[in-house]
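Let me begin by presenting the structure, written as structure tokens, before commenting on it.
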Amino acid sequence: MKELSKAYEPKNYEDNIYKKWEESGLFNPDVCVKQRFTKKNAKPFSIVLPPPNVTGTLHMGHAAMLAIEDVMVRYHRMKGDRTLWVPGTDHAAIATQAKVEKLVMEKEGKTKYDLGRDEFLKRVESFAQESHDTIVNQSRKMGASLDWSREAYTLDEKRNLAVRTVFKKMYDDKLIYRGYRVINWSVKGQSTVSDDELVHVERPGKLYYFKYSKDFPITIATTRPETKLGDTAVAVNPKDARYKKYIGQEFVVDVGAAAPLKIKIIADENIELEFGTGALGVTPAHSSVDFEMYQKQKADGNDIGLIQVISEDGKMTAAAGKDYAGLTVLAAREKFVEYLRKNNLLEKEEDIVQNVGTSDRFGDVIEPLPKTQWFIDVNKPIKSRGKKTLKQLMQKAVGNKKGQIEIIPDRFNKTYFHWIDNLRDWCISRQIWYGHQIPVWYKGEEVFVGVEAPRGEGWQQDPDTLDTWFSSGLWTFSTLGYPDLKASDLKNYHPTSVMETGYDILFFWVARMILMTTYVLDDIPFKKVYLHGLVRDEKGQKMSKSLGNVIDPLDMINKYGTDATRLSLLVGNTPGNDMKLSEEKIAGFRNFTNKLWNISRFMLLNIENPKIDIKKPKAKTLADEWILEGLDKVIQETSKNIEEFNFSMVGEKLRDFTWSELADWYLEIAKVEGKKSEILNYILNTILKLWHPYMPFVTEAIWQEVYGADKTLMVEPWMGVKKANPTAKGFNDIINTITSIRSLRAEYKIEPAKKIGAHVNAGKKEKLLRNNQEIIKSLARLESLEFVKTGAEVSLDLAGAVDVAKEKPRLEKEIAELKKYTAGLENKLLNKEFVSNAPKEVVEKEKGKLNEAKSKLEKLEEQLNNLK
RNA sequence: GGAGCUGUGGCUCAGUGGUAGAGCGUUCGGCUUACAUCCGAAAGGUCGCGGGUUCGAUCCCUGCCAGCUCCACCA
């Protein structure tokens with residue numbers, strides 16, 4: 001066997017190990033079955049990776065996602081489950097196109113129109129390909145055990161077929177419709193944007209109070225005077241005494257628009273009496289609220305009309321009048337306000353803070369305007385789904401009943417349901433070029449919707465593309481073989497076990513997957529949703545290029561290794577809460593990685609002939625018993641906590657066991673007790689397995705150094721543990737004793753081999769006493785103290801060197817405090833209410849505490865007597 | 001305007017209905033032949049503030065203060 005180097009060098013191992021894993025094919029569950037690492041009829045465990053956008057590189061958030069999912073996947077694979085983790089990337093329509101547009105402009109000074117659709121798409125595709133390659137390589141660097149043979153792309157052929165199939169199905173069910181509506185328009189992006197992609201930004205604004213004309217009876221208030229050129233009504237609350245009398249009347253006013261405006265006074269209950277003047281100028285073309293009023297009126301047989309005064313290029317239309325046509329919105333606003341002022345129509349200007357909707361991707365202010373678009377109707381009863389609407393399907397899918405999706409942490413249930421309650425029809429068409437082109441063809445008045453293009457000449461496909469979340473919504477099943485409903489992956493792995501993703505895309509994505517899956521497959525897409533927090537910098541700020549606070553996972557991997565980087569993202573945070581990450585934290589875990597390496601190195605020096613298959617050996621000493629019990633406990637806890645998504649807890653407990661118990665105590669004792677080959681071999685194998693899901697590289701590196709490069713830890717079976725009664729309790733007494741010796745020695749600056757007083761109550765059992773003596777003897781030697789045995793009591797009697805003057809008050813103080821404490825406990829146990837009301841275990845625990853305190857008190861009093 | 005989260009030692013965060021834990025940092029002492037990416041010891045907290053429930057609350061309820069986040073068609 002090769003001797004391990006002094007320090008673990010991740011770079012010497014990681015890439016090779018990953019390559020070996022990948023070549024072994026064992027990321028693929030079919031191969032695991034074929035090679036008999038997994039039973040054919042094993043329980044499935046599946047995760048579909050949230051596909052990163054092909055807009056660049058992976059950031060720490062992705063790294064966290066990969067680490068968390070890889071932990072689950074590796075754990076379940078070792079446990080023997082038929083484990084599948086499907087990788088993929090997302091074409092991220094708008095985001096990718098916007099990025100490439102920017103790049104093309106920077107590099108060539110050209111717009112997408114200069115290049116034309118085909119040429120521009122070629123640029124996007126090559127950019128996407130490059131991003132994809134980077135992302136895939138980074139995922140490998142993270143050690144992610146993804147089944148690359150099943151890799152998918154949201155815009156590849158198979159996914160495109162899934163998209164067309166679902167579109168057609170929804171169209172046939174009349175869930176998808178084409179409608180003329182006020183939509184969110186991004187002038188910069190020249191496309192619609194969905195409600196969810198709108199980001200509301202607070203801005204200082206002005207509220208203008210004015211009248212359309214001198215003899216118009218009602219003053220209205222607006223933040224957007226320029227749109228008033230397209231007003232067709234004034235809405236007031238029907239309960240408003242001030243305006244009641246005008247309801248139903250029509251006024252004709254000339255404000256300089258192309259034609260005089262016919263303003264009808266209408267009633268609407270949503271108008272607030274308190275805001276502004278309590279009257280709202282209705283602009284059906286440029287406000288979705290106003291548009292809804294317009295539709296409502298129209299349904300009631302009262303067409304108030306709609307005038308579009310702003311066009312898609314963000315400029316005023318001819319309908320706005322010759323003074324305004326062609327002006328930008330802002331210029332028109334100034335001009336119109338000036339007009340009002342001149343004609344004494346402007347009554348008041350008020351500074352207010354207003355919320356402006358901006359486009360997340362393009363960054364500009366969203367212009368609501370009317371346009372014919374494709375929508376998904378979320379309120380239409382679906383025959384094949386028991387007349388439930390999409391909204392209802394989404395509501396029914398989540399909860400804590402069997403067959404429902406459990407969201408972790410559960411507080412996001414509330415967020416989810418609230419979102420559904422406020423959900424409106426989803427605008428799915430985009431005027432961008434990169435994406436799934438809508439499978440609709442036109443020929444004159446004819447419309448054809450189909451999975452494949454229609455036969456015959458003269459058909460023109462709809463130029464629009466689909467919202468990127470449409471294809472993402474199909475992700476859990478489009479990656480598993482859909483639309484082939486008999487596909488084995490779909491049967492074997494759907495619904496997936498867990499969806500692990502950031503809480504920031506709960507609406508965008510998780511909800512859409514639930515919508516699509518419940519509708520298309522009449523099933524849930526995943527059994528559980530685990531939401532992780534965002535990775536922030538050490539100050540809690542979002543990491544961003546402009547702030548310059550981005551920690552690049554690759555840099556950290558280069559500097560500290562993958563395992564350390566993974567641990568830093570797994571330990572020290574809880575689900576759904578953001579985590580702050582600093583380089584120091586990663587460096588800390590690098591130290592631990594090295595510690596594990598050295599622990600293994602030491603153990604190997606004491607293992608005669610390392611074996612993979614080694615059963616739990618019998619304990620020969622109390623120390624052995626203690627560490628084996630500790631190991632059993634940590635095995636249990638690790639399994640339980642991974643299954644319950646307490647990833648941080650697992651790391652902490654394992655680290656504590658490995659470092660504080662195994663390395664600091666057991667291995668030290670092993671040095672003096674010696675002859676522990678079998679036990680050490682067993683412990684080594686076990687902790688390497690336990691750590692493998694968290695630190696796949698260093699554990700695999702050690703494993704292969706020890707057992708040969710043809711072996712792999714990755715598919716070694718996970719351990720089960722039978723519950724056992726702890727018998728090595730006495731060992732903790734010993735630890736405490738030694739600790740107090742060390743402490744006293746430090747306090748009194750006693751050199752090794754000098755005398756110092758400390759006692760240990762060895763307990764009552766003979767066997768325990770014998771064992772304790774052995775260990776204490778050993779540890780006394782370790783501590784360079786003189787070991788003295790007196791009757792049934794074991795003591796390390798080195799009293800001579802103790803400074804009585806100093807020690808006496810210390811002991812007295814400690815005794816006094818302890819007496820107070822025991823008195824308190826005794827009182828508590830005498831309290832009938834406590835004894836009868838508190839759970840039995842709690843009472844027992846308190847009794848235990850009391851006994852412990854009493855014996856400690858005895859010891860201290862004895863020490864005090866010895867001093868005297 | 002609604003909803004949610006957070007507030008625990010200097011920092012980052014775990015945690016529990018029964019007189020508080022870790023890592024880092026700090027101080028002191030050690031190159032003890034697995035590891036100085038280490039070892040030993042120590043200091044350091046009225047668990048944001050007030051009220052309630054309870055035999056008992058840092059943990060449950062309620063109000064307040066502070067920070068953060070999401071949602072929303074106040075024109």
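Letters A, B, ... are given to chains in the order of the sequence lines, protein chains preceding strands, and every chain is numbered from 1.
For Asn237(A) and A75(B), the CG to P distance is 17 Å, given to the nearest whole Å. Distance CG (Asp240(A)) to P (A75(B)): 18 Å, rounded to an integer number of Å. Taking atom CG of Leu604(A) as the reference point, atom P of C35(B) lies 14 Å away to the nearest angstrom. We find that NZ of Lys585(A) is positioned 14 Å from P of G23(B), with the value rounded to whole Å. Taking atom CZ of residue Arg601(A) and atom C1' of nucleotide C35(B), one finds them 7 Å apart after rounding to whole Å. If you take OH of Tyr503(A) and C1' of C70(B), they are 8 Å apart, rounded to a whole angstrom. Straight-line distance from the CG atom of Asn594(A) to the P atom of A36(B): 8 Å, rounded to whole Å. At whole-Å resolution of the value, CG in Asp195(A) and P in C70(B) are 17 Å apart.
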Produce the list of close N/O pairs, under 3.5 Å, pairing protein atoms with atoms of nucleotides 4-11 of chain B; give distances to one decimal.
| from | atom 1 | to | atom 2 | distance (Å) |
| --- | --- | --- | --- | --- |
| G4(B) | OP1 | Lys414(A) | NZ | 2.7 |

Which atom pairs link the protein and nucleotides 43-45 of chain B when you take only N or O atoms and keep those under 3.5 Å?
none

Under 3.5 Å between N/O atoms: give me all the protein pairs with nucleotides 30-33 of chain B, atom names plus distance.
none

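The ring pair (Phe, Tyr, Trp, His ring centres under 6.0 Å) test applied to Tyr530(A) returns Phe645(A), Phe647(A), not counting sequence neighbours. By the ring pair (Phe, Tyr, Trp, His ring centres under 6.0 Å) test, Tyr209(A) is found to be paired with no residue, residues two or more places apart in sequence or in another chain being considered. When the side-chain contact (heavy atoms from CB on, under 4.5 Å) test is applied to Ala64(A), the partners found at least two apart in sequence or on another chain are Val535(A), Leu569(A), Met579(A). Partners of Lys239(A) under the side-chain contact (heavy atoms from CB on, under 4.5 Å) rule, at least two apart in sequence or in another chain, are Asn237(A). Asn591(A) is linked by a side-chain contact (heavy atoms from CB on, under 4.5 Å) to nothing, counting only residues two or more places apart in sequence or in another chain. Qualifying ring pair (Phe, Tyr, Trp, His ring centres under 6.0 Å) partners for Trp597(A), counting only residues two or more places apart in sequence or in other chains: Tyr8(A), Tyr13(A). Not counting sequence neighbours, the partners of Phe507(A) by the ring pair (Phe, Tyr, Trp, His ring centres under 6.0 Å) test are Trp419(A). Applying the salt bridge (Lys or Arg N to Asp or Glu O under 4.0 Å) criterion to Asp268(A), with sequence neighbours excluded, gives Lys296(A).
As judged by a 4.0 angstrom heavy-atom cut-off over every strand, Lys595(A) is placed among the base-contacting residues. Within 4.0 Å of Arg655(A), counting heavy atoms only, lie sugar-phosphate atoms of the nucleic acid but no base atom. At a threshold of 4.0 angstrom between heavy atoms, the contacts of Glu652(A) are confined to the sugar-phosphate backbone, with no base atom among them. If you check every strand for non-hydrogen atoms under 4.0 Å, Ala235(A) touches nothing. Heavy atoms of Gly572(A) sit under 4.0 angstrom from primed sugar atoms or phosphate atoms, though from no base atom. Among the protein residues, Met649(A) comes within range of the sugar-phosphate backbone only, with heavy atoms under 4.0 Å from sugar or phosphate atoms but none that close to a base. The residue Asp504(A) sits apart from the nucleic acid: no heavy atom pair falls under 4.0 Å.
Rounded to the nearest Å, the gap between the P atom of A14(B) and that of U62(B) is 23 Å. One P atom belongs to G7(B), the other to C60(B), and the distance between them is 11 Å to the nearest Å. Across the C1' atoms, C35(B) and C65(B) are found 49 Å apart, a figure rounded to whole Å.
Checking side-chain atoms of Lys391(A) against main-chain N and O of Leu423(A) turns up a donor-acceptor pair under 3.5 Å. The closest donor-acceptor contact from the side chain of Asp290(A) to the backbone of Pro284(A) lies at 3.5 Å or more, if one exists at all. Between the side chain of Asn606(A) and the backbone N or O of Lys676(A), no donor-acceptor pair lies under 3.5 Å. Within the 3.5 Å criterion, the main-chain N or O of Leu534(A) finds a donor-acceptor partner in the side chain of Asp578(A). Remark: the backbone N or O of Leu198(A) is not paired with any side-chain donor or acceptor of Asn184(A) at under 3.5 angstrom.
Between Phe216(A) and Tyr212(A), the ring-plane angle classifies as perpendicular under the 30° and 60° cut-offs.
Stem analysis of RNA chain B (Watson-Crick or G-U pairs, both distances under 3.5 Å, runs of at least three) returns B:1-7 with B:65-71, B:10-13 with B:21-24, B:26-30 with B:38-42, B:48-52 with B:60-64.
For Asn355(A) against A72(B), a side-chain N or O and a base N or O form a donor-acceptor pair under 3.5 Å. The base of C35(B) is not paired with the side chain of Lys6(A) by any donor and acceptor separated by under 3.5 Å.
Residue Lys371(A) qualifies as enclosed at atom NZ: its count of foreign heavy atoms under 6.0 Å is above 12.
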